[in-house]
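Below is one structure, written out as structure tokens; comments come after it.
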Amino acid sequence: MLDFPRWKVAWIIGLLTVLCALAIPSFLPERYTANLPVHPRINLGLDLAGGSYLLLEADTADLAASRLEAMRDQVQTEMRRGTPNIAIGDISTRDGQLSFFVRDAAQVDAARERLLTITGGGAGMTGQRVWDIGVVDTSRFIIKPTQAGLTQAIETALGDATEVVRRRIDALGTKEPTIIRQGASRIVVQVPGLQNPQALKDLLGKTAKLEFKLVDETANPADLAAGRAPAGSQVLRYPTNPAGIPFIAVKRSAMITGDQISEATQTFDQQTNAPNVAITFDGPGGRRFAKITTENVNKPFAIILDNQVISAPNIESAILGGRASISGSFTVESANELAIALRSGKLPVALKVIEERTVGPDLGADSIRAGVLASIVAAVAVIVFMFVTYGRFGLYANLAVVINILVILAVMAMLNATLTLPGIAGFVLTIGTAVDANVLINERIREERRRGRNVVQAVELGYKEASRTIFEANITHAITGVIMLLLGSGPVKGFAVVLLIGICTSVFTAVTFTRMLVALWLRRAKPKTINI
């Protein structure tokens with residue numbers, strides 16, 4: 001137990017020296033460490049650095065409506081695709097279901113077979129269908145979404161939306177945002193350092209559903225004002241319509257969608273110098289855009305963002321090369337936000353802010369000062385107690401506590417962890433419990449000395465017998481921390497991270513490091529008695 005060869009001593013000292021050095025950048029301003037080849041830093045959480053907190057909720061009604069519209073398009077395509085072509089009437093989406101009739105009653109069975117190919121499959125592991133198909137009046141089909149299918153769609157959409165939100169926030173250049181799911185339909189967003197959440201709200205609230213559709217020039221202005229469109233078309237808002245009517249009729253089928261965009265950047269119009277957004281389509285999207293613009297020269301097409309037309313220019317000539325630009329009443333900021341939204345992908349479901357908080361940096365500074373003061377008081381109290389109680393052995397334990405503090409900071413910095421106010425509480429608790437192992441060891445050494453053992457035997461048995469108890473106690477401690485880490489969120493998880501790191505580092509410094517110091521002292525001084 002007390003045999004420490006030179007290589008082992010060098011390894012322990014070298015490891016602790018490197019870890020203590022890695023903790024230093026966290027104490028220095030970032031401008032002093034930015035040019036260093038390695039400068040891990042601890043990030044401060046929302047409650048320490050200040051920032052913005054948003055609780056977003058998915059608009060499940062909008063998702064259900066979007067699924068109906070998507071199914072309507074699939075039904076129309078499927079009925080036209082096969083041989084023979086199955087003629088159907090207009091598809092109604094009233095009452096949350098699709099309804100249409102087959103013009104030739106003899107094709108009802110064929111229509112049903114085609115519908116099964118696009119509505120088949122079960123919802124996850126439930127085995128329930130995603131859509132139910134019914135036939136009434138011999139030739140009218142009714143397609144209803146099932147609750148299991150909607151639940152699965154919400155789960156999938158929330159997972160995808162969380163990733164889209166993460167990409168958008170990362171594009172803003174913020175540090176260490178926290179984006180987590182909460183419940184079945186909510187997302188929590190915490191962005192440290194961001195004091196004005198309005199731009200973030202605008203960016204996250206934009207679903208960025210971009211579509212290019214042909215304008216229906218046959219629409220009557222009076223019908224448009226009343227919200228009526230010709231068959232196969234729809235009426236959308238167009239606030240900047242040069243005709244003065246804030247509505248326009250467009251074909252329901254999209255020429256191309258934002259899913260086929262590979263790049264979007266904020267640029268300026270070369271003629272007017274007005275801000276716009278330059279977009280680049282992927283390979284298939286570029287070819288499709290070129291084909292459609294070639295076939296529809298001298299016809300207007302609408303650029304639609306989130307179901308609102310932002311411009312409707314004429315196709316003067318075929319647009320080749322897979323590039324286009326979106327112009328409108330943009331500022332530089334709004335054009336950049338749109339570019340970020342398009343680059344990160346459209347949100348699969350609309351999100352609305354239901355709770356918003358802004359934490360000022362002053363409150364975070366107060367929390368840091370209080371946390372640092374509590375840590376200093378705890379460390380000083382522990383150091384004084386250990387030294388007064390155990391003398392030289394208490395001094396070794398105190399040195400282990402100081403090194404343990406630096407090692408915890410170094411490990412958190414290397415893990416790019418975020419320190420929160422509960423994390424500081426876990427930090428203070430770790431300082432208090434870091435000497436538990438040494439208390440057990442020192443008391444066991446005392447006991448062995450009272451039994452008449454010599455110094456070396458007492459120290460060796462003290463470390464050997466106490467180590468089993470120390471490891472068992474810390475394993476139960478760690479189990480609690482792991483449960484909090486896995487099941488907790490936010491502040492609870494921050495507390496658990498610091499606690500688990502502290503358990504591992506304190507066992508190493510309190511047992512291995514102090515045992516090395518004691519062994520070196522015994523080898524050098526060869527004392528006949530010890531004051532413990």
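Taking every heavy atom of both residues into account, Ala400 and Thr509 meet most closely at CB-O, 3.5 Å. The minimum heavy-atom distance linking Glu211 with Ala254 is given by the pair OE2-CB, 4.3 Å. Taking each heavy atom of Met386 and Val439 in turn, the nearest pair found is SD-CG2, 4.0 Å. Shortest non-hydrogen contact noted between Ala410 and Leu19 is CB-O, 2.9 Å. Residues Ala264 and Ile279 come closest through the heavy atom pair CB-CG2, 4.1 Å. Scanning all heavy atoms of the two residues, the minimum distance from Gly159 to Arg181 falls at N-NH1, 3.8 Å.
Ser506 and Asn404 share no donor-acceptor pair across their side chains, judged by distance under 3.5 Å alone.
For residues 410-428, there are no salt bridge (Lys or Arg N to Asp or Glu O under 4.0 Å) pairs, not counting sequence neighbours.
Within 6.0 Å of atom CZ in Phe508, more than 12 heavy atoms from other residues, nucleotides or ligands are found, so the atom counts as buried in its surroundings.
Looking at Leu395 and Ile383, their side chains never come closer than 4.5 Å, going by heavy atoms from C-beta outward. Residues Leu56 and Lys352 have side chains not in contact (no heavy-atom distance under 4.5 Å, counting atoms from C-beta outward). Taking the side chain as every heavy atom from C-beta outward, Tyr53 and Val188 approach each other to under 4.5 Å. Contact check for Leu517 versus Trp521: no side-chain heavy atoms found under the 4.5 Å cut-off. Between Phe393 and Ile530, the closest side-chain pair of non-hydrogen atoms falls below 4.5 Å. For the pair Arg392 and Phe387, the minimum side-chain heavy-atom distance is 4.5 Å or more. The shortest side-chain heavy-atom distance between Ile354 and Arg186 falls under the 4.5 Å cut-off. When side chains are defined from C-beta on, Val9 counts as touching Leu520, because their heavy atoms get closer than 4.5 Å.
Atom-to-atom distance recorded for Ser26:OG and Leu406:CG is 10.5 Å, nearest 0.5 angstrom. The structure places CD of Glu155 at 9.5 Å from OG1 of Thr151, a figure rounded to the nearest 0.5 Å. Separating the CD1 atom in Ile187 from the CD1 atom in Ile180 is a distance of 10.5 Å, to the nearest 0.5 Å. Rounding to the nearest 0.5 angstrom, the gap separating the CG atom in Leu485 from the OG1 atom in Thr480 is 12.5 Å. Atom CZ of Phe471 is separated from atom OG1 of Thr476 by 13.5 Å, given to the nearest 0.5 angstrom. For the atom pair CG (Leu16) and CE (Met516), the distance works out to 7.5 Å, reported to the nearest 0.5 Å.
Judged by distance alone, the side chain of Asn438 and the main-chain N or O of Ala510 form a donor-acceptor pair under 3.5 Å. Between the side chain of Asn474 and the backbone N or O of His477 there is no donor-acceptor pair closer than 3.5 Å. For Arg449 (side chain) and Arg453 (main-chain N/O), a donor-acceptor pair under 3.5 Å exists by modelled atom type. At least one donor-acceptor pair closer than 3.5 Å links the side chain of Arg166 to the backbone N or O of Ile179. Under the 3.5 Å distance criterion, the side-chain polar atoms of Thr156 are left unmatched by any main-chain donor or acceptor of Ala153. Using modelled atom types, one side-chain atom of Thr146 and one backbone atom of Val130 make a donor-acceptor pair closer than 3.5 Å.
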Next on the checklist: Evaluate Arg444 against Leu461 for side-chain contact (heavy atoms from CB on, under 4.5 Å), listing each step before the verdict.
Outcome noted: CA-CA 8 Å; Arg444 188 59 192 247; Leu461 285 172; over 6 Å; no

Item to check | Trace of the side-chain contact (heavy atoms from CB on, under 4.5 Å) decision for Asn276 with Phe268 | outcome: CA-CA 5 Å; Asn276 61 17; Phe268 294 93; 5.5 Å; no

Item to check | Candidate pair Lys464 and Glu448, rule salt bridge (charged side-chain N to carboxylate O under 4.0 Å, His left out), full reasoning | outcome: CA-CA 12 Å; Lys464 182 179 180 180; Glu448 295 300 329; over 6 Å; no

Item to check | Stepwise side-chain contact (heavy atoms from CB on, under 4.5 Å) check, Phe513 with Ile403 | outcome: CA-CA 10 Å; Phe513 177 64; Ile403 292 178; 3.5 Å; yes

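Ion pairing between a basic and an acidic side chain is recognised when a charged N comes within 4.0 Å of a carboxylate O; Arg450 and Glu447 show no such pairing.
In this pair, Phe281 and Phe289 present their aromatic rings tilted. The plane angle is within the 30 to 60° band.
Under the rule for a side chain to side chain contact (heavy atoms under 4.5 Å, CB included), the partners of Ile475 that lie at least two apart in sequence or sit in another chain are Ile479.
When each of Val165, Asp59, Val189 is paired with Leu351, the side-chain contact (heavy atoms from CB on, under 4.5 Å) condition holds for Val165 and for no other.
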